[in-house]
Amino acid sequence: MERIISPSILAADFNNLGAEIEKINNSKAQWLHCDVMDGVFVPNISFGVPVIESVSKISKKPLDVHLMIIEPQIHVESFFQAGAKNITVHYEASMHLHRLIYQIKKFGIKAGISLNPHTPVHLLEEIICDVDLVLIMSVNPGFGGQKFIENSYEKISKLKDLILKKNSGAMIQVDGGVTLENAKQLFDAGANNLVAGTTIFRSENPAKTIENLLST
Ligand code: DX5
Ligand code: ZN
């Protein structure tokens, strides 16, 4: 599967968001990751629909929207209308995940499920064939710049086994504490889609950092 890098704008300079997005437009990153936080599902509030709508007007990369919110089923249509091309919801926040996945797919976009660090991979057994992507959180969601949780490698391998066993086409995305140092080990463990905020936007040359992540 093709390797994908999805830079997270949470680590961008919000005073110069247009210029920051332009850097990603001119890079080899394939997606642009947008972290939506509601202050309830996670202990932080980031941004919502109006920001995503503005970002979608200038981003040349498809918007990869990560919803860290409760009751995501109420909001997925607004995020689709705002320009999302992938919507990932949390396993822990969705009571009727199967219905929600098809609610998202009906818009003609990709649907993903994210797992918090404590949520085991085997809980996806009955839904792995219905999703386009599984996001393994390698930090506790809520903040950028946190330390990578080492147990994530094992979860990636377990997820890869499950995907193979069930013949699912799901991508494996990893989010949180991704660096130039651990990217290779993440790809080797079976990840094919890496989200990185701090590593990309706080680097001197984001486009070069993206290239380095892809070719690690
Ligand atoms: C964390 C977010 C991440 C965050 C990653 O809750 O889901 O996408 O932006 O940031 P870094 O790459 O700095 O760990
Ligand atoms: Zn994220």
Side-chain angles (χ1 to χ4, degrees), residues 4-14 17 20-21 23-24 27 29-48 51-52 55 59 61-70 72 75-76 79 84-94 104 110-119 131-153 155-156 171-187 191-204 206 209-210 212-214 216:
I4 288 178
I5 300 294
S6 191
S8 167
I9 56 167
L10 192 64
D13 175 1
F14 288 157
L17 196 49
E20 295 278 71
I21 290 165
K23 288 180 196 168
I24 305 305
S27 79
Q30 295 91 334
W31 293 4
L32 186 67
H33 191 80
C34 304
D35 286 308
V36 177
M37 304 179 184
D38 67 354
V40 179
F41 181 69
V42 288
N44 194 12
I45 300 175
S46 57
F47 50 78
V51 171
I52 302 241
V55 168
S59 176
K61 313 289 176 173
L63 300 189
D64 171 31
V65 175
H66 177 192
L67 295 182
M68 286 162 274
I69 64 173
I70 60 164
H75 303 283
V76 285
F79 284 104
K85 293 290 183 287
N86 175 64
I87 296 182
T88 296
V89 295
H90 266 264
Y91 177 90
E92 303 82 6
S94 315
I104 297 169
K110 290 189 170 64
I113 298 178
S114 179
L115 300 182
N116 276 340
H118 73 276
T119 305
V131 294
D132 300 298
L133 175 150
V134 176
L135 166 48
I136 301 278
M137 282 307 304
S138 41
V139 297
N140 285 293
F143 303 92
Q146 300 183 83
K147 194 175 171 292
F148 180 86
I149 297 171
E150 294 291 319
N151 183 56
S152 311
Y153 295 116
K155 284 183 79 175
I156 295 166
M171 275 181 253
I172 303 179
Q173 187 178 54
V174 180
D175 184 7
V178 171
T179 63
L180 285 164
E181 286 69 42
N182 61 20
K184 184 180 183 324
Q185 205 176 334
L186 290 168
F187 284 131
N192 35 52
N193 187 321
L194 302 183
V195 175
T198 307
T199 293
I200 291 173
F201 283 102
R202 305 290 160 94
S203 72
E204 215 159 282
T209 304
I210 290 163
N212 291 339
L213 284 167
L214 277 168
T216 185

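When a ligand or atom number is given, it counts from 1 through the structure's own listing order. Numbers here are sequence positions counted from 1. These numbers come from the heavy atoms of this one structure, side chains and all, not from hydrogens, waters or symmetry mates. Remember, it's a predicted structure, so these values are computed and weren't measured experimentally.
Remark: minimum distance from atom 4 (C) of ligand 1 to any protein heavy atom is reached at Asp35 OD2, 3.6 Å. Considering only non-hydrogen protein atoms, atom 10 (O) of ligand 1 sits nearest to Gly144 CA, 3.5 Å. When only non-hydrogen protein atoms are considered, atom 1 (C) of ligand 1 lies nearest to Phe143 O, 3.5 Å. The protein heavy atom nearest to atom 6 (O) of ligand 1 is Gly142 N, 2.8 Å. Scanning the protein for heavy atoms near atom 12 (O) of ligand 1, the closest one is Gly197 N, 2.8 Å.
Taking only nitrogen or oxygen atoms, main chain and side chain alike, Gly177 reaches within less than 3.5 Å of ligand 1. Any N or O atom pair closer than 3.5 Å counts here, and Thr198 shares at least one such pair with ligand 1. Ligand 1 has no N or O atom lying under 3.5 Å from any N or O atom of Met37, backbone or side chain. Between Val178 and ligand 1, not a single N/O pair is under 3.5 Å apart. Checked against a 3.5 angstrom limit, the closest N/O atoms of Thr199 and ligand 1 fall outside it. The shortest N or O to N or O distance between Gly145 and ligand 1 is below 3.5 Å.
Within a 6.0 Å sphere centred on NZ of Lys61, other residues, nucleotides and ligands contribute more than 12 heavy atoms.
Taking the Zn ion (ligand 2) as the apex, the angle formed with NE2 of His33 and OD1 of Asp35 is 90°, to the nearest 10 degrees.
Every heavy atom of Ala11 sits 4.0 Å or more from the atoms of ligand 1.
The proximity of Ser8 to ligand 1, defined as any non-hydrogen pair under 4.0 Å, is limited to the side chain. Of all the heavy atoms of Asp175, the ones lying under 4.0 Å from any atom of ligand 1 belong exclusively to the side chain.
Atoms of ligand 1 found under 4.0 Å from any heavy atom of Leu10 (numbered from 1 in listed order, with element): 9 (O). Each of the following atoms of ligand 1 lies closer than 4.0 Å to a heavy atom of Met68: 6 (O), 7 (O). Of all atoms in ligand 1, listed by their number and element, those nearer than 4.0 Å to a heavy atom of Ala196 are 12 (O). Ligand 1 places these atoms under 4.0 Å from at least one heavy atom of Pro141: 6 (O). Near His33, meaning under 4.0 Å from any of its heavy atoms, are these atoms of ligand 1: 8 (O).
Looking at His66, its N, O or S atom nearest to the Zn ion (ligand 2) turns out to be ND1. Between the Zn ion (ligand 2) and the N, O or S atoms of Asp175, the shortest distance is to OD2.
No side-chain N or O of Ser46 forms a donor-acceptor pair with one of Asp35 less than 3.5 Å apart.
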